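Chain naming here is simple, since letters A, B, ... match the order of the sequence lines and numbering starts at 1 in each. Here the structure is a predicted model, which is why all the values come from computation and not from measurement. Just so you know, these numbers use all the heavy atoms, side chains as well, and skip hydrogens, waters and symmetry mates.
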Protein chains: 2
Amino acid sequence: MAGAAERGPRERMVFSAAQLIRREGVGATGMREVAARAGAPRGSLQHYFPGGKEQLVNEAVGWAGRYAGNRVARFLAALPEPTPSGLFAEMVRQWTDEYEAEGFDGGCPVAAATVDRARAADSTRQAAEDAFARWTGAVAAALTDMGVPGERARPLATLMISSLEGALLIARAERSVRALTTAVRELGPLLDAAVAPAAPGGTAGG
Amino acid sequence: MAGAAERGPRERMVFSAAQLIRREGVGATGMREVAARAGAPRGSLQHYFPGGKEQLVNEAVGWAGRYAGNRVARFLAALPEPTPSGLFAEMVRQWTDEYEAEGFDGGCPVAAATVDRARAADSTRQAAEDAFARWTGAVAAALTDMGVPGERARPLATLMISSLEGALLIARAERSVRALTTAVRELGPLLDAAVAPAAPGGTAGG
DNA sequence: TCAGCACTATGACGGCTGTCATAGTAGCGG
DNA sequence: CCGCTACTATGACAGCCGTCATAGTGCTGA
């Protein structure tokens with residue numbers, strides 16, 4: 001997750017909150033440190049986020065959801081010939097690149113918020129739901145553009161994101177990208193098989 | 001995750017720690033509450049867990065890994081005719097049953113420990129790695145017993161667990177079992193296709 | 001009876017948390 | 001100069017945290 005040249009201090013705080021959350025979890029992320037890392041004064045916290053930590057966390061999660069959704073479109077544009085497996089490989093590669101370059105410290109902030117706050121703060125749970133929905137929607141739209149039938153697009157997008165999120169957990173625990181590359185390799189053919197209605201042979205039913 | 005009649009107070013504390021962690025996350029789980037929910041005296045904490053919270057969390061994660069591994073064998077025995085998709089469906093059903101009966105408060109304690117402590121406490125990260133390894137090993141062994149070629153068993157087991165873990169996150173965020181049932185439906189055929197070396201036709205390339 | 005051990009009981013400590021209260025500064029229109 | 005608004009700056013607060021120190025209980029064995 002890049003983004004060094006954020007606009008105002010408010011945006012920088014949301015961004016640094018997301019960064020901290022995905023590394024340390026929500027509970028271990030302190031407001032004071034969020035402000036410090038953003039180069040923002042501590043007093044601005046209560047000014048920009050009168051709803052307190054809950055609001056800050058929710059906005060960080062929303063930011064992550066928007067970021068993930070936007071990345072999908074960019075991946076699509078970068079692919080020479082767009083295929084579902086190619087898109088998935090790009091989504092995963094973003095993570096393997098980070099892990100190999102910077103180590104396995106970071107995870108997905110939406111996952112962290114879900115694990116830490118889904119039960120305690122319903123507004124945060126809702127923010128996570130929205131983030132997943134936006135992300136899934138972007139992936140499903142991309143699949144549809146590639147020729148995946150409309151009814152299959154959303155389930156497959158959900159499967160892609162599920163597998164990615166789970167593989168991220170395992171990768172962090174193992175300090176290895178194995179689970180991530182495994183997901184790409186095993187899921188790729190399944191994804192591409194959903195494209196063609198005019199393929200030679202084709203899968204029965206439907 | 002059942003287990004009401006635990007033996008001693010020590011085991012009860014480990015169990016209640018796992019329960020609390022999977023609901024609230026590691027950070028929001030307090031030692032005092034762990035003891036209280038276990039019906040154990042607070043003073044026993046420093047007696048049984050001189051390594052402090054870190055040790056308690058690690059043992060809770062280890063317990064969860066053993067539990068998940070053991071469940072696999074029991075699922076296998078319960079299936080009339082064992083198939084990979086049947087095993088996966090059973091693994092997922094354990095969660096959908098819980099969610100429909102008790103709500104979406106709980107997640108996987110190994111996932112929670114990874115998100116909250118993978119960076120801060122390496123011994124906990126290691127415990128999570130071991131838990132995933134044990135779980136994956138059990139699933140891979142089951143797949144092998146079903147006729148899945150040895151080289152494919154572990155990748156597929158990893159994919160199953162990745163998808164399950166990710167779908168759990170989405171399910172909690174959405175308060176819906178949709179992502180879980182989607183994973184079963186979409187992944188099932190892929191898993192079963194890995195069984196037969198003597199299937200009619202078969203997939204090319206290999 | 002006394003030691004020795006496993007376990008329990010309780011109070012205190014320092015540290016960090018999120019939040020609030022209060023005051024201060026900068027820029028702007030008039 | 002004023003007032004007004006946006007933002008900053010600190011200090012204090014109560015609360016919870018994990019941990020430690022210390023003492024107490026009850027059983028075992030000699």
Side-chain angles (χ1 to χ4, degrees), chain A residues 6-21 23-61 109 112-113 115-125 127, chain B residues 6-21 23-61 109 112-113 115-125 127:
Chain A
E6 304 298 332
R7 211 71 50 85
R10 189 185 200 283
E11 220 170 325
R12 287 205 315 273
M13 282 191 279
V14 172
F15 175 75
S16 80
Q19 289 279 69
L20 240 17
I21 287 169
R23 280 176 170 76
E24 319 284 350
V26 176
T29 293
M31 304 279 281
R32 290 166 173 85
E33 199 182 354
V34 167
R37 299 235 182 173
R42 213 189 85 204
S44 298
L45 279 170
Q46 69 177 298
H47 181 72
Y48 289 116
F49 309 96
K53 185 176 187 176
E54 188 168 327
Q55 181 188 356
L56 178 60
V57 170
N58 295 354
E59 296 204 19
V61 170
V115 160
D116 274 0
R117 289 289 196 269
R119 178 181 146 87
D122 193 71
S123 74
T124 302
R125 195 223 90 236
Chain B
E6 304 297 331
R7 212 72 51 84
R10 189 184 200 283
E11 220 170 326
R12 287 206 313 274
M13 283 191 278
V14 172
F15 175 76
S16 80
Q19 290 278 70
L20 240 18
I21 287 169
R23 282 176 168 76
E24 319 284 350
V26 175
T29 293
M31 304 278 280
R32 290 167 172 84
E33 199 182 354
V34 167
R37 298 237 183 172
R42 212 190 86 204
S44 299
L45 279 170
Q46 69 177 297
H47 181 72
Y48 290 116
F49 308 97
K53 186 177 189 176
E54 189 168 326
Q55 180 187 356
L56 177 60
V57 170
N58 295 355
E59 296 204 20
V61 170
V115 162
D116 274 0
R117 289 290 196 267
R119 180 181 144 88
D122 193 71
S123 74
T124 302
R125 194 225 91 233

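- Here the C1' atom of nucleotide D:dT5 and the NE2 atom of A:His47 are 9 Å apart, to the nearest Å.
- Note that CG of A:Leu56 is 9.0 Å distant from CZ of A:Arg10, once rounded to the nearest 0.5 Å.
- By the side-chain contact (heavy atoms from CB on, under 4.5 Å) test, B:Ala28 is found to be paired with B:Glu24, residues two or more places apart in sequence or in another chain being considered.
- The shortest non-hydrogen separation linking B:Val26 to B:Ala113 is CG2-CA, 3.8 Å.
- Here the closest non-hydrogen pair linking B:Ala112 and B:Gly25 is CB-CA, 4.4 Å.
- Within the structure, every pair that satisfies the side-chain hydrogen bond (donor to acceptor under 3.5 Å, both in side chains) test and touches residues 42-56 of chain B, not counting sequence neighbours, is listed here: B:Glu54-B:Ser123, B:Gln55-B:Glu59.
- Atom pair B:Glu24:CD and D:dC16:C1' shows a separation of 15 Å (rounding to whole Å applied).
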Tabulated below should be each protein N or O lying under 3.5 Å from an N or O of nucleotides 23-25 of chain D; please produce it.
none

Sugar-phosphate means primed atoms, P, OP1 and OP2; the rest is base. With that split, encode nucleotides 13-27 of chain C 5' to 3' as B, S or - using protein heavy atoms under 4.0 Å. -----BBBB------

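- Evaluation of the side-chain hydrogen bond (donor to acceptor under 3.5 Å, both in side chains) test over residues 25-35 of chain A, restricted to residues two or more places apart or in two chains, returns A:Glu33-A:Arg37.
- Here the side chains of A:Met31 and A:Phe49 are not in contact, with every heavy-atom distance at 4.5 Å or above.
- Nearest heavy-atom pair, A:Val34 versus A:Ser16, reported as atom, atom and distance to 0.1 Å: O-OG, 2.9 Å.
- Rounded to whole angstrom, the span from the CE atom of B:Met13 across to the C1' atom of C:dT8 amounts to 11 Å.
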